[in-house]
Asker: 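Take this structure first; my questions come after.
In this text, all values refer to a predicted model and were calculated from it rather than measured experimentally.
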Amino acid sequence: MKETERSLRWYLLLAGVIAALTAMRDIDSLKSYGGVLTTGQMAALYIPIVTRLLLGAAFVVAGVKLPSALLTGAGWIKTMLVISGAALLLDGAIVTAVFGGAGQSGIVGAAVGIAITAYLHHSVTRLAAEAAIKASLAAPLPQSRVV
């Protein structure tokens, strides 16, 4: 199945909103664990939440600006997706390292997220190439002069 510009735009918007909203919810729920968890455990929980909040906002911006970004090659969106994949891997590793066996779902979730991010990167690259072709076909031909 090929992503279309429209479906990719909706995915970026929805994924961004959901990520940001769940991050804000999780920040509120972690406040009650203040004295129960160690500083390292709190950091292992807060780092992925803050990452999700920031990248969620970036995904929303990418969804809003996708059509114009594709015309210019969407370099910043591709970079954001690479950062997103690296952040997923780092977040999963941190949770797994701090919580051990209880946190192994963090690395599994990161692997799934990286696969989705790689697919999105490929889709953005393909759609940017298609947009460049369409733009070059739609550009008027230079006027020739008969001398």
Asker: Report the hydrophobic cluster partners of Trp10, with the cluster defined as I, L, V, M, F, W, Y residues connected by side-chain heavy atoms closer than 4.5 angstrom, directly or transitively.
Answerer: Leu14
Asker: Hey, does Ile94 have a side-chain heavy atom less than 4.5 Å from the side chain of Leu90?
Answerer: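 SC-SC contact between Leu90 and Ile94 confirmed.
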Asker: Using a 4.5 Å cut-off on heavy atoms from C-beta on, say whether the side chain of Leu12 contacts that of Val60.
Answerer: no
Asker: Search all heavy atoms of Leu88 against all heavy atoms of Gly113 and return the closest pair with its distance.
Answerer: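 That would be CD1-C, 3.5 Å.
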Asker: Considering only heavy atoms from C-beta outward, does the side chain of Glu130 approach that of Glu5 to under 4.5 Å?
Answerer: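 When only atoms from C-beta onward are counted, Glu5 and Glu130 do not touch, as no gap falls below 4.5 Å.
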Asker: So, for Ala58 and Met80, which heavy atoms are closest and what is the spacing to 0.1 Å?
Answerer: CB-CG, 3.8 Å
Asker: Run the side chain to side chain contact (heavy atoms under 4.5 Å, CB included) check on Asp91 and Val95 step by step: do they pass?
Answerer: CA-CA 6 Å; Asp91 291 347; Val95 170; 5.6 Å; no
Asker: To the nearest 0.5 Å, tell me how far Ile27 CD1 sits from Thr22 OG1.
Answerer: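 Answer for the CD1-OG1 pair, Ile27 versus Thr22, is 10.0 Å.
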Asker: Show the nearest heavy-atom pair for residues Glu3 and Leu8, with the distance to one decimal.
Answerer: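 Looking at all heavy atoms of both residues, the shortest contact is OE1-N, 3.3 Å.
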Asker: Take a 6.0 Å sphere around NZ of Lys65 and say whether it holds more than 12 heavy atoms from other residues, nucleotides or ligands.
Answerer: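 No, because the 6.0 Å sphere around NZ of Lys65 holds 12 heavy atoms or fewer from other groups.
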Asker: Search all heavy atoms of Ala69 against all heavy atoms of Trp76 and return the closest pair with its distance.
Answerer: CB-NE1, 3.7 Å
Asker: What's the separation between atom OG1 in Thr51 and atom OH in Tyr46, rounded to the nearest 0.5 Å?
Answerer: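 It is 14.0 Å, given to the nearest 0.5 Å.
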Asker: Has the side chain of Arg52 got a donor or acceptor atom that lies under 3.5 Å from a matching backbone atom of Ala20?
Answerer: no
Asker: Where is the tightest heavy-atom contact between Leu55 and Ile83, given as atom of each residue plus distance?
Answerer: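 That would be CD2-CG2, 4.5 Å.
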Asker: Find out if a path of hydrophobic residues (ILVMFWY) with successive side-chain heavy-atom gaps under 4.5 Å connects Met24 to Leu54.
Answerer: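 Each belongs to a different hydrophobic cluster.
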Asker: Return the CD1 to OG distance between Ile49 and Ser29, rounded to the nearest 0.5 Å.
Answerer: 6.5 Å
Asker: Tell me, do Tyr11 and Ser123 make a side-chain contact under 4.5 Å, heavy atoms counted?
Answerer: no
Asker: For residues Val82 and Leu120: do they belong to one hydrophobic cluster (side chain heavy atoms under 4.5 Å, members Ile, Leu, Val, Met, Phe, Trp, Tyr)?
Answerer: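 Shared cluster, no.
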Asker: Using every non-hydrogen atom in the two residues, find where Val64 and Pro67 come nearest and quote the distance to one decimal.
Answerer: O-CD, 3.9 Å
Asker: For Arg9, run the side chain to side chain contact (heavy atoms under 4.5 Å, CB included) check against Thr4, Leu66, Leu127 and tell me which one passes.
Answerer: Leu66
